[in-house]
Amino acid sequence: MSDITDAARAILAFNDRGGYTVPTDALYPFQWNWDSAFVSMGFATFNIDRAYQELERLIEGQWDDGMLPHIVFHVPSDTYFPGPDVWNTHHRHHKKPTTSGITQPPVFGMALRYIYEIALTEGREDVLARTRLLFHAALRSHRWWMKVRDPEKRGLVAILHPWESGSDNSPAWDEALARVSTITKTEICRQDTKHVSAAMRPHHADYQRFIHLVEVYRECKWDPVKQWSAAPFKVADVQMTAILARATADLIWIASHLNLLDEINELSTIHRILLDGLRGRWRNNLRGFVSLDLISGKDIQKPTQAYFIPLIAIELDTYQREAVQDEIERWCNGMIVGVPSTAPFSSDFESKRYWRGPVWAVINWLIVDGLCKNHLAELAAIIEGNTINAIERAGFCEYFDPITGEGLGGNSFSWTAAAYLVLRHRLNNQ
Ligand code: 9WN
């Protein structure tokens, strides 16, 4: 085992808070939904029990209606804003931890399959009951997505807050977010800029709008039907839909192993609906998939990494495959490390500002996976190699400047460590 693999494992150990992992110390002191799903796959490369535990701790926060919240506040901390008081969700009545009131990309189902497959190769038949329980939690959350976030039956699931996308200040949300008021009742006490430079973080006006949205939904008492009608921000997101579709396929795989026939049928219907929805979002002229602004009714054409995420769920035709390959190569041209989260030729590109240009290891992991699924293994290998090199050079940072390769944002980041472990694991098993 290399020293760097050792270091990646040490980061997961350092960020372990008792069965769940914080994304990084201080800046993000709670359990985040999609971070934990990625992290559990990192754990699975060396500790199956700890991998299961990560997901088990996450579902402690699951709501009765099936939603998996984006943050689970297991223990109090004042190093992050907004904390539980701002969210004011009513789940504190139950014997459950308090949570935020929105969700995040459902990587959970992908993670469960990944972990379960490794467990099976290790001959761990004892994980069956744990797998079944987590499978049912995931299924409940997929039902929630379809019912609550695609009520108009487009085959695309919608986000009501940029934080749900996981790509908070992506240029993709600029136009839709500009319609949201900057007025807030809550005092905005940002903590993030105490930990990292403001030049790498979202702007103050973004935060005002993020908090305004929280207030709108808090006033709906977190009732999903009321939120859907009150939402001033509503985007059918291709990245979210693709992750949900892929996770659905992974749940079908698990259900077949567990011999759950009704569940296979139910999930297969969901899967078909989502793939149809996604296929309709391809645009030949842009060489990628685009989200739909449900308030303006317009395509969101901004070139971001979301263009390519549907590859994890969809089999492209030959024309699309060549187009995507050319487009990704164009975005990576002249970069030390691709794939930038916003195309470098776009006027919105900022190489250091969060989701407006920097490279994220977990996004590259998804893109690599999608390229392999679509028989573009050579390009996948280049991106995989560059991601591993960037981490080995700059450390386990939150994200990387694509032009210089510099490591940015928080340090000792859990999902970057997990990405390293999983990408290395893939290479070692090829
Ligand atoms: C808001 C934890 C999370 C990631 C997101 C990333 C960032 C939070 C923030 O950090 O979002 O959820 O306060 O900036 O954008 O993808 O899950 O790592």
Side-chain angles (χ1 to χ4, degrees), residues 11-12 15 17 20-40 42 54 58 61 68-74 77-84 86-87 99-108 111 159-173 177 188-198 200-204 206-211 213-214 217 237 239-240 243 304-306 309 341-342 352-366 396-400 408-419:
I11 283 178
L12 296 189
N15 290 336
R17 296 290 178 274
Y20 72 92
T21 312
V22 296
T24 186
D25 194 39
L27 178 61
Y28 301 123
F30 308 111
Q31 186 175 24
W32 257 259
N33 180 333
W34 76 327
D35 295 65
S36 269
F38 285 116
V39 160
S40 71
E54 188 75 30
L58 188 67
L68 279 173
H70 103 295
I71 305 177
V72 184
F73 300 111
H74 289 287
S77 166
D78 54 12
T79 63
Y80 182 81
F81 174 86
V86 179
W87 292 97
T99 70
S100 68
I102 58 170
T103 188
Q104 256 192 337
V107 178
F108 191 99
I159 53 169
L160 304 187
H161 195 300
W163 278 337
E164 295 198 307
S165 70
S167 315
D168 314 345
N169 64 334
S170 168
W173 319 135
L177 198 58
I188 297 182
C189 319
R190 284 180 69 170
Q191 300 293 318
D192 55 327
T193 43
K194 294 183 184 158
H195 306 293
V196 295
S197 154
M200 298 179 199
R201 296 286 306 175
H203 293 288
H204 183 62
D206 296 327
Y207 260 78
Q208 290 175 306
R209 295 187 164 103
F210 294 162
I211 296 303
L213 287 172
V214 171
Y217 305 138
D237 174 13
Q239 176 164 300
M240 190 69 91
I243 292 174
T304 71
Q305 86 285 343
I309 303 297
S341 49
T342 298
K352 294 190 187 338
R353 195 179 295 279
Y354 222 40
W355 290 95
R356 304 183 77 86
V359 170
W360 295 73
V362 291
I363 292 294
N364 278 5
W365 166 3
L366 293 178
F396 298 97
C397 304
E398 189 173 6
Y399 45 91
F400 302 87
L408 305 167
N411 292 320
S412 305
F413 225 84
S414 299
W415 70 8
T416 311

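For reference, positions follow the sequence shown, starting with 1. In each ligand, atom 1 is the first atom listed, and ligand 1 is the first ligand listed.
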Which atoms of ligand 1 sit under 4.0 Å from any heavy atom of [X]?
X      : value
Arg201 : 9 (C), 13 (O), 14 (O)
Trp415 : 4 (C), 16 (O), 17 (O)
Gln104 : 4 (C), 5 (C), 17 (O)
Phe413 : 18 (O)

How far is [atom] from its nearest protein heavy atom, and which residue and atom is that?
atom                    : answer
atom 7 (C) of ligand 1  : Tyr354 OH, 2.8 Å
atom 17 (O) of ligand 1 : Asp35 OD1, 2.6 Å
atom 12 (O) of ligand 1 : Trp32 NE1, 3.0 Å

- Check step by step if side chain to side chain contact (heavy atoms under 4.5 Å, CB included) holds for Thr79 and Phe81. CA-CA 7 Å; Thr79 63; Phe81 174 86; over 6 Å; no
- Message: Would Ser167 count as a polar contact of ligand 1, with the cut-off being nitrogen or oxygen pairs under 3.5 Å?
- Response: no
- Query: Under 3.5 Å, N or O to N or O, is Gly166 touching ligand 1 that way?
  - Reply: yes
- What about the rings of Trp32 and Tyr80, do their centers lie closer together than 6.0 Å? yes
- For the residue pair His74 and Phe30, is the inter-centroid distance of their aromatic rings smaller than 6.0 Å? no
- Task: Assess Asp168 for proximity to ligand 1: is some non-hydrogen atom of it under 4.0 Å away?
- Result: yes
- Message: With a cutoff of 4.0 Å, is Trp360 in contact with ligand 1, counting heavy atoms of the residue only?
- Response: no
- Does Arg17 come within less than 4.0 Å of Asp25, counting only side-chain N to carboxylate O? yes
- So, for Cys397 and Leu408, which heavy atoms are closest and what is the spacing to 0.1 Å? CB-O, 3.5 Å
- Message: Looking at every heavy atom in both Tyr399 and Lys352, which two are closest together, and how far apart are they?
- Response: CE1-O, 3.9 Å
- Note on the structure: Looking at Phe38, Tyr80, Trp34, Tyr399, the heavy atom closest to atom 1 (C) of ligand 1 belongs to Tyr80
- Going through the checks in order, is the side chain to side chain contact (heavy atoms under 4.5 Å, CB included) test met by Trp87 and Val214? CA-CA 7 Å; Trp87 292 97; Val214 171; 3.7 Å; yes
- Of Tyr354, Phe38, Trp365, the residue whose pairing with Trp360 passes ring pair (Phe, Tyr, Trp, His ring centres under 6.0 Å): Tyr354
